[in-house]
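FYI, side chains are in, hydrogens and waters are out, and symmetry mates aren't considered; it's all heavy atoms of this structure. Every chain is numbered from 1, with letters handed out A, B, ... down the list of sequences.
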There are 2 protein chains.
Amino acid sequence: MSTDRLSLAFSALADPTRRAIVARLALGEATVSELAAPFDMSMPAVSKHLRVLERSGLIEQSQEAQFRPRRLRPEPFRELAGWMEEYRRFWDAKLDDLDAYLKEIQKEDGDER
Amino acid sequence: MSTDRLSLAFSALADPTRRAIVARLALGEATVSELAAPFDMSMPAVSKHLRVLERSGLIEQSQEAQFRPRRLRPEPFRELAGWMEEYRRFWDAKLDDLDAYLKEIQKEDGDER
DNA sequence: CCTCTATTTAACCAACCAGTTAATTAACCT
DNA sequence: AGGTTAATTAACTGGTTGGTTAAATAGAGG
């Protein structure tokens, strides 16, 4: 597998279980047991998913007694967003008609929004 | 492997070679040979990468004689951007300080940009 | 038709992934 | 110290990935 940061982030997110974990963590810190609860899956399996997410930098853990709550780290999200930005014209509805887009920038930033 | 569209897109992009191919295609259509040229890798290897990208919907091919030029498809980019949107507060520099963000929306959309 | 170019398919390999169960570590609480 | 709860590590498995080389297919053009 590729070990550059962007590849790690993309591949960490290429799994629905891990995206669900990320979605849960967007609401705030959670312990491993809390994160595992919604899934029909053994604890070690969840632990492995967490390790993948951690290796990608998307989450980090803090030590609080026997609990090791996870939380999201913003950095990889910024890198993903940065990558996406390069392809904005492919996903931004406002730009999906390239002709319209070109006309837009011709107007020298006129009536933006 | 997960076969939902989002997982396919993420995992297709989790490889630097494939991201480079996507970057090249953002400049316009290209044949397999053209796409393969920059890489120190056999033709079949590139062909496989293209099949992964195709299965994810990120690219499509058209038949032009013995050439089968690829081009990007916007749909998966929109899905990725839509997913990212949920996490905007993690990656948008303007929002990375949540307190500032809350203050901002308190102002009822006052001095945006 | 033959050949050249473009590309894919087949068969194989080593490494990795996502899950399992069983055993282990870690910290808290009497 | 002993027990309970939280979580990780170990060992194993079947399926997938990313690459290889060799053979096959498809169309263009003499």
Side-chain angles (χ1 to χ4, degrees), chain A residues 1-25 28-72, chain B residues 1-25 28-71 76:
Chain A
M1 217 243 310
S2 308
T3 54
D4 62 283
R5 301 177 50 75
L6 208 40
S7 297
L8 288 176
F10 273 121
S11 81
L13 294 170
D15 181 288
T17 302
R18 286 193 294 260
R19 286 198 305 280
I21 289 173
V22 167
R24 167 64 188 80
L25 288 175
E29 282 198 356
T31 67
V32 177
S33 308
E34 284 166 353
L35 291 171
F39 303 107
D40 184 20
M41 186 184 298
S42 69
M43 201 74 148
V46 173
S47 216
K48 280 192 182 184
H49 282 304
L50 292 175
R51 214 151 60 84
V52 172
L53 286 168
E54 183 140 40
R55 207 160 67 93
S56 78
L58 281 158
I59 68 172
E60 63 186 357
Q61 69 179 287
S62 49
Q63 280 282 15
E64 280 175 30
Q66 72 271 53
F67 305 91
R68 276 155 254 189
R70 305 323 208 255
R71 73 173 79 94
L72 292 184
Chain B
M1 216 244 312
S2 307
T3 54
D4 62 284
R5 301 177 51 73
L6 207 42
S7 297
L8 288 176
F10 273 121
S11 82
L13 293 170
D15 180 289
T17 302
R18 287 194 293 263
R19 285 199 305 280
I21 289 173
V22 167
R24 167 64 188 80
L25 288 175
E29 281 197 357
T31 67
V32 177
S33 309
E34 284 166 352
L35 292 171
F39 303 107
D40 184 20
M41 186 184 299
S42 71
M43 201 72 147
V46 173
S47 215
K48 281 192 179 183
H49 281 303
L50 292 174
R51 214 150 61 86
V52 172
L53 286 168
E54 185 139 39
R55 207 159 68 92
S56 78
L58 281 158
I59 68 171
E60 64 186 358
Q61 69 178 286
S62 49
Q63 278 281 15
E64 281 176 28
Q66 73 270 53
F67 305 90
R68 273 155 257 190
R70 302 326 207 253
R71 74 174 80 93

Applying side chain to side chain contact (heavy atoms under 4.5 Å, CB included), can you list everything that pairs with [X], at least two apart in sequence or on another chain?
X       : result
B:Ala45 : B:Met41, B:Ser42
B:Met43 : B:Val32, B:Ser33, B:Ala36
A:Ala37 : none

Contact list please: residues 32-39 of chain B against DNA chain C, heavy atoms, distance less than 4.0 Å, in numerical order.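 Correct list: B:Val32, B:Ser33.
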What is the distance, rounded to the nearest whole Å, between atom [atom1] of [X] and atom [atom2] of [N]?
X       : N      : atom1 : atom2 : value
A:Leu13 : C:dC17 : CG    : C1'   : 16 Å
B:Arg51 : C:dT7  : CZ    : C1'   : 13 Å
A:Glu29 : D:dA6  : CD    : C1'   : 16 Å
A:Leu53 : D:dT8  : CG    : C1'   : 16 Å
A:Met43 : D:dA7  : CE    : P     : 5 Å
B:Ile21 : C:dT7  : CD1   : P     : 13 Å

Atom of A:Ser2, atom of B:Pro16 and distance for their closest heavy-atom approach: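 Minimum heavy-atom separation between A:Ser2 and B:Pro16: OG-CD, 2.9 Å.
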Which one, C:dT7, C:dA22, D:dA7, comes nearest to the side chain of A:Pro44?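 The nucleotide sitting nearest to the side chain is C:dA22.
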When you get a sec, tell me which of D:dA7, C:dA22, C:dT8 is the closest nucleotide to the side chain of A:Thr31?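 Minimum distance to the A:Thr31 side chain belongs to D:dA7.
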Sequence-distant partners of A:Arg5, side chain to side chain donor-acceptor pair (under 3.5 Å), two or more places apart: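 Listed in chain order: A:Glu79.
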Partners meeting side chain to side chain donor-acceptor pair (under 3.5 Å) with A:Arg70 (sequence neighbours left out):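 So A:Arg70 forms no side chain to side chain donor-acceptor pair (under 3.5 Å) with any residue.
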Which pairs with one or both residues in residues 34-52 of chain A pass salt bridge (Lys or Arg N to Asp or Glu O under 4.0 Å), sequence neighbours excluded?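 Residue pairs with at least one partner in residues 34-52 of chain A: there are none.
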Any salt bridge (Lys or Arg N to Asp or Glu O under 4.0 Å) involving residues 7-20 of chain B? Give me the pairs, sequence neighbours left out, ordered by first then second residue.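 Found A:Asp4-B:Arg19.
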Spacing of A:Leu13 atom CG and B:Ser7 atom OG [to the nearest 0.5 Å]: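 Between A:Leu13 CG and B:Ser7 OG, I get 9.5 Å after rounding to 0.5 Å.
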Are any protein N/O atoms closer than 3.5 Å to N/O atoms in nucleotides 17-19 of chain D? If there are, list each pair with its distance.
| residue | atom | partner | partner atom | Å |
| --- | --- | --- | --- | --- |
| D:dG18 | OP1 | B:Arg18 | NH2 | 3.2 |
| D:dG18 | OP2 | B:Arg18 | NH1 | 2.9 |
| D:dG19 | OP2 | B:His49 | NE2 | 2.1 |
| D:dG19 | N7 | B:Lys48 | NZ | 3.2 |
| D:dG19 | O6 | B:Lys48 | NZ | 2.1 |

